[in-house]
Trainee: 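The structure under discussion is supplied below as structure tokens; questions concerning it will follow.
It should be emphasised that the depicted structure is a prediction, and the values quoted were computed from it without experimental measurement. Values below: every heavy atom of this structure, side chains too, minus hydrogens, waters and symmetry copies.
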Protein chains: 2
Amino acid sequence: MVTIYDIAAKAGVSAMTVSRVINNTGKISDKTRTKVRRVMEELNYVPNHMARSLVLQQSNLLFLLITDITNPFYTTLARGAEDAAKKHGYRLLFGNSDENVEKEKDYVDTILATRADGVLVAPAGDPSLPHLETLRKHRVPFVLLDREVPGMDSDVVLGDSKEGARKLVDHLSAQGHRRIALINGSPYISSARLRLEGYKEALKLNDLVYDENYVLETAFEPRSDLSEIESWLDRMKPLPSAIVAGNNVLAVEVIRTLHGRGIQVPQQMSLVCFDDLGPYSEIDPFLTVIAQQAYQFGYLGMQMLVERIQQRGESGLPWKKIVLPADMIIRRSVAAISAPK
Amino acid sequence: MVTIYDIAAKAGVSAMTVSRVINNTGKISDKTRTKVRRVMEELNYVPNHMARSLVLQQSNLLFLLITDITNPFYTTLARGAEDAAKKHGYRLLFGNSDENVEKEKDYVDTILATRADGVLVAPAGDPSLPHLETLRKHRVPFVLLDREVPGMDSDVVLGDSKEGARKLVDHLSAQGHRRIALINGSPYISSARLRLEGYKEALKLNDLVYDENYVLETAFEPRSDLSEIESWLDRMKPLPSAIVAGNNVLAVEVIRTLHGRGIQVPQQMSLVCFDDLGPYSEIDPFLTVIAQQAYQFGYLGMQMLVERIQQRGESGLPWKKIVLPADMIIRRSVAAISAPK
DNA sequence: TAAAATAATGTTACCGATAACCTTAAATTA
DNA sequence: TAATTTAAGGTTATCGGTAACATTATTTTA
């Protein structure tokens with residue numbers, strides 16, 4: 001590998017002069033600058049970030065930790081984070097925790113060892129607390145995305161989950177639905193908790209009764225085994241006329257399960273959910289959803305992170321919380337019920 | 001930040017002894033080992049990868065460069081690459097070039113500066129050649145995914161694009177279609193070229209005539225402006241009865257455009273494409289596709305990369321080419337045509 | 001019992017860059 | 001013209017690790 005010493009020797013100057021040319025610091029004569037530049041080109045010099053980071057004590061590297069790389073919500077979020085990072089001159093690396101607290105821990109270790117300047121984290125859930133405490137202890141700035149973790153104050157970008165759930169239930173109720181079920185993520189995930197709360201509140205406001213058999217709390221990520229959903233469907237007697245899914249993945253799996261039983265959406269079962277399906281909802285604008293502004297989660301989160309990093313030391317800055325609105329897109333997955341049963 | 005020197009001082013040993021404990025090298029008495037370990041825990045020591053990489057001249061970091069992070073083909077591929085990297089003890093970072101040769105160049109620079117041990121690249125296209133030459137010149141091992149680049153020999157994982165195109169056309173022909181159009185990626189992308197070739201060959205074998213007005217060569221990635229597709233549709237007189245799309249993104253955009261004109265798939269227009277739509281094709285198993293084994297692209301590519309890295313020096317190893325089969329999944333986006341016109 | 005081997009640890013130099021300080025010659029200023 | 005500045009560049013130490021080569025005790029072997 002070519003180093004600044006090779007350049008220095010060939011150009012007949014000191015390594016420091018080469019460093020000055022590279023970073024445009026100090027005073028350098030045009031003649032020297034040109035000569036050094038020429039030699040750099042000639043030898044295909046590429047600076048060594050690691051050596052640089054070691055002295056500077058900062059890596060110019062940021063990390064984005066998401067929980068499901070195959071979910072369009074997170075990939076769109078990633079695009080937003082990427083764009084914002086690039087705008088501020090940072091490099092961005094991605095990690096994928098798979099909703100798995102263990103994998104998340106591995107990534108946190110990697111992040112610390114890499115001496116990343118900051119992290120954007122969509123935490124796996126409340127059990128992520130120790131990882132966040134580790135980051136805090138090592139003074140790595142971070143911003144939480146999509147989910148809060150009780151016991152840890154920080155900057156955070158959230159969606160308005162409670163309001164979103166209310167809107168979905170209100171919409172179903174307005175279409176005449178009286179038996180509305182909820183399939184949701186784990187209660188150890190803040191957004192799932194809020195969605196459950198919103199669901200309950202909206203039921204009450206619409207004079208519908210809450211029945212815990214109508215609620216399934218499971219995992220937000222894709223599963224190979226649908227039996228949990230199957231037995232939930234078996235448990236509900238009578239079957240609901242509509243289902244609210246806590247995210248897009250759950251909605252898809254509900255559809256798979258229903259299709260397996262020959263139940264059509266929306267003819268025999270209405271379905272709504274959180275998060276859109278990415279560009280593919282364009283093929284067939286079918287699912288009625290709360291379309292969270294995924295790109296903004298990433299973009300705004302990254303902006304907050306960069307601010308934090310650049311104000312390091314001035315610790316006074318209070319934590320910021322951004323709550324993005326829950327906008328409903330009405331499509332065709334809800335049938336109107338004429339005669340209330 | 002806590003360093004091995006802090007540990008060494010507190011444990012009353014030398015830094016080298018701490019290093020030995022961390023890496024499990026050399027001979028260390030149990031007593032010393034235990035003491036050092038305890039101090040490390042106490043001080044929350046985290047090793048500094050950068051310092052380590054600097055001496056060792058290897059970073060244990062691999063890179064995956066994809067062209068469209070919102071495309072399920074690539075995110076699934078990423079999962080495969082991630083799993084294989086983890087299996088071999090490497091850390092993996094992702095980059096997203098957006099089918100953009102400029103961005104790709106930026107990433108290549110970052111990769112070199114980061115001193116990554118190797119790279120998995122889905123190149124933007126033939127114009128990526130100089131970037132690959134740069135990697136080669138700096139002796140960074142790489143494996144190409146999904147696309148070859150003329151003029152650059154290397155390990156590569158491809159799909160059988162020609163065969164896939166043939167299968168799609170054969171299927172359409174068998175359903176009675178005589179006017180089959182093709183919307184494809186740029187001719188500067190090897191897979192697009194092969195898909196065009198397969199399309200032409202299959203036309204000939206099925207006694208169909210090739211009409212260049214029926215072929216649109218555009219970009220594989222999502223676009224905001226559909227006018228190019230619009231004017232292509234205008235240009236085709238009469239309209240084809242079926243369209244082959246070079247990838248999933250193009251298929252989606254064709255559907256959007258057709259819907260804008262009130263043309264239904266498959267009633268008024270049949271449509272098939274390369275690459276599945278991820279989990280969301282489960283909602284509505286609609287599109288007939290060549291479902292490439294995305295996960296395998298990433299997994300096998302990563303295996304080849306790791307082999308290359310570990311055999312560094314033994315340059316004799318010939319380049320390997322893996323061609324994954326093109327399996328067709330027949331669904332409902334093709335209508336049978338009874339009376340040939 | 002002296003010589004050789006081994007276990008356990010320490011010293012020094014270096015990876016590639018940069019900050020902080022130092023030197024020299026030319027240009028300003030008084 | 002002598003005293004200061006300034007421009008242009010060099011020297012040295014350091015970031016946090018590790019390889020390679022000492023250095024000691026302590027065993028083992030002849």
Side-chain angles (χ1 to χ4, degrees), chain A residues 1-37 39-40 43-61 109-117 138-140, chain B residues 1-37 39-40 43-61 109-117 138-140:
Chain A
M1 277 284 118
V2 178
T3 73
I4 52 170
Y5 296 96
D6 301 321
I7 309 290
K10 187 144 188 179
V13 298
S14 74
M16 198 56 221
T17 299
V18 177
S19 173
R20 288 188 180 111
V21 170
I22 293 170
N23 297 293
N24 256 311
T25 52
K27 323 228 171 197
I28 300 284
S29 72
D30 284 352
K31 208 178 96 198
T32 308
R33 193 193 319 279
T34 316
K35 197 195 328 169
V36 170
R37 288 244 170 90
V39 176
M40 283 182 5
L43 300 187
N44 295 302
Y45 171 74
V46 178
N48 186 324
H49 272 334
M50 293 181 309
R52 186 161 200 277
S53 303
L54 195 56
V55 249
L56 294 185
Q57 295 286 61
Q58 56 154 47
S59 61
N60 219 44
L61 256 184
D109 288 344
T110 296
I111 288 167
L112 289 174
T114 309
R115 299 294 191 269
D117 291 346
H138 288 274
R139 320 173 123 263
V140 179
Chain B
M1 279 284 120
V2 178
T3 73
I4 53 170
Y5 295 97
D6 301 322
I7 309 290
K10 188 144 187 178
V13 298
S14 74
M16 198 56 220
T17 300
V18 178
S19 173
R20 287 189 181 108
V21 171
I22 294 170
N23 297 293
N24 257 311
T25 53
K27 323 229 172 198
I28 300 285
S29 72
D30 285 353
K31 208 178 97 199
T32 307
R33 191 193 320 280
T34 316
K35 198 196 325 168
V36 170
R37 288 245 169 87
V39 176
M40 283 182 3
L43 300 187
N44 294 301
Y45 172 74
V46 179
N48 186 326
H49 272 335
M50 295 181 309
R52 188 161 199 279
S53 304
L54 196 56
V55 250
L56 294 185
Q57 296 286 62
Q58 57 154 42
S59 60
N60 220 44
L61 255 185
D109 288 344
T110 296
I111 288 167
L112 289 174
T114 308
R115 298 295 189 270
D117 292 347
H138 289 275
R139 320 171 122 264
V140 179

Trainee: Nearest whole angstrom, please: distance from the P of C:dA17 to the CG of A:Leu54.
Mentor: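 So the CG-P distance, A:Leu54 to C:dA17, works out to 12 Å.
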Trainee: Using a 4.0 Å cut-off on protein heavy atoms (strictly under), produce a 5'-to-3' string for nucleotides 19-27 of chain C with B for base contact, S for backbone-only sugar-phosphate contact, and - for none.
Mentor: BBB------
Trainee: Let me confirm one number: the CG-NE2 distance from B:Asp109 to A:His49, rounded to the nearest 0.5 Å.
Mentor: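 Taking CG in B:Asp109 and NE2 in A:His49, the distance rounds to 8.5 Å.
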Trainee: Within the side chain of A:Thr114, is there an N or O that forms a donor-acceptor pair under 3.5 Å with the backbone of A:Ala116?
Mentor: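 Side chain of A:Thr114 to backbone of A:Ala116, a donor-acceptor pair under 3.5 Å: no, none is there.
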Trainee: From NE2 of A:His49 over to C1' of C:dA17, roughly how many Å is that when rounded to an integer?
Mentor: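 Rounded to the whole Å, the gap is 12 Å.
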Trainee: Remember a base hit wins even if backbone is also touched, and classify A:Ser14 as base, sugar-phosphate or nothing at under 4.0 Å, heavy atoms.
Mentor: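 Touches a base.
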Trainee: So if I take every side-chain heavy atom of B:Ser29 and compare against D:dG17, C:dA8, D:dG9, which nucleotide ends up nearest?
Mentor: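 That would be C:dA8.
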Trainee: Nearest nucleotide by nearest heavy atom, which residue falls closer to the 5' end of DNA chain C, B:Tyr5 or A:Ala15?
Mentor: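 Taking each residue's closest nucleotide, the earlier one in sequence belongs to B:Tyr5.
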Trainee: Expressed in angstrom and rounded to an integer, what is the separation of B:Gln57 atom CD from D:dA20 atom P?
Mentor: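 Rounded to the whole Å, the gap is 13 Å.
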Trainee: Looking at A:Ser59 and A:Arg115, would you say the former's side chain and the latter's main chain have a donor-acceptor pair under 3.5 Å?
Mentor: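 Here the side-chain-to-backbone pair exists.
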Trainee: Separation of A:Arg52 atom CZ from D:dC15 atom C1', in whole Å?
Mentor: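 The answer, rounded to whole Å, is 13 Å.
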Trainee: Rounded to the nearest 0.5 Å, what's the gap from CG on A:Asp6 to CE on A:Met40? Could you check?
Mentor: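 Going from CG on A:Asp6 over to CE on A:Met40, the span is 12.5 Å.
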Trainee: So B:Ile22 and B:Tyr45, do their side chains get closer than 4.5 Å, heavy atoms only?
Mentor: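 Yes - at least one pair of side-chain heavy atoms lies under 4.5 Å apart.
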Trainee: Using whole Å, what does the distance between atom P of nucleotide C:dG16 and atom CG of A:Asn23 come to?
Mentor: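 A:Asn23 atom CG is separated from C:dG16 atom P by 17 Å.
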Trainee: Among D:dG9, D:dG16, C:dG16, find the nucleotide with the atom closest to the side chain of A:Thr32.
Mentor: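 Looking only at side-chain atoms, A:Thr32 lies closest to D:dG9.
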Trainee: Out of B:Leu43, B:Asn48, B:Asn44, which residue meets the side chain to side chain contact (heavy atoms under 4.5 Å, CB included) rule with B:Val2?
Mentor: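 Exactly one pass, corresponding to B:Leu43.
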Trainee: Rounding to a whole Å, what distance do you find between A:Ile28:CD1 and C:dT18:P?
Mentor: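 These atoms are roughly 12 Å apart.
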Trainee: Tell me: CG of B:Asn48 to P of D:dT14, nearest whole Å?
Mentor: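 Value for this atom pair: 18 Å.
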Trainee: Counting only side-chain heavy atoms from C-beta out, which of C:dA8, C:dA17, D:dG9 sits nearest to B:Lys27?
Mentor: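 Given the options C:dA8, C:dA17, D:dG9, the side chain of B:Lys27 is closest to C:dA8.
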Trainee: Calculate the interatomic distance between A:Ile4 atom CD1 and C:dT18 atom C1'; express it in whole Å.
Mentor: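 One finds 8 Å between C1' of C:dT18 and CD1 of A:Ile4, rounded.
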Trainee: Between D:dG17, D:dG9, C:dG16, spot the one nearest the side chain of B:Tyr45, thanks.
Mentor: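 The nucleotide sitting nearest to the side chain is D:dG17.
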Trainee: Please check the phosphate of D:dG10 (OP1 and OP2 only) for any side-chain N or O of A:Thr17 closer than 4.0 Å.
Mentor: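 It does, given that an N or O in the side chain of A:Thr17 lies less than 4.0 Å from OP1 or OP2 of D:dG10.
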Trainee: Please report the interatomic distance NZ(A:Lys35) to OG1(A:Thr17), rounded to the nearest 0.5 Å.
Mentor: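 If we round to the nearest 0.5 Å, A:Lys35:NZ and A:Thr17:OG1 are 9.5 Å apart.
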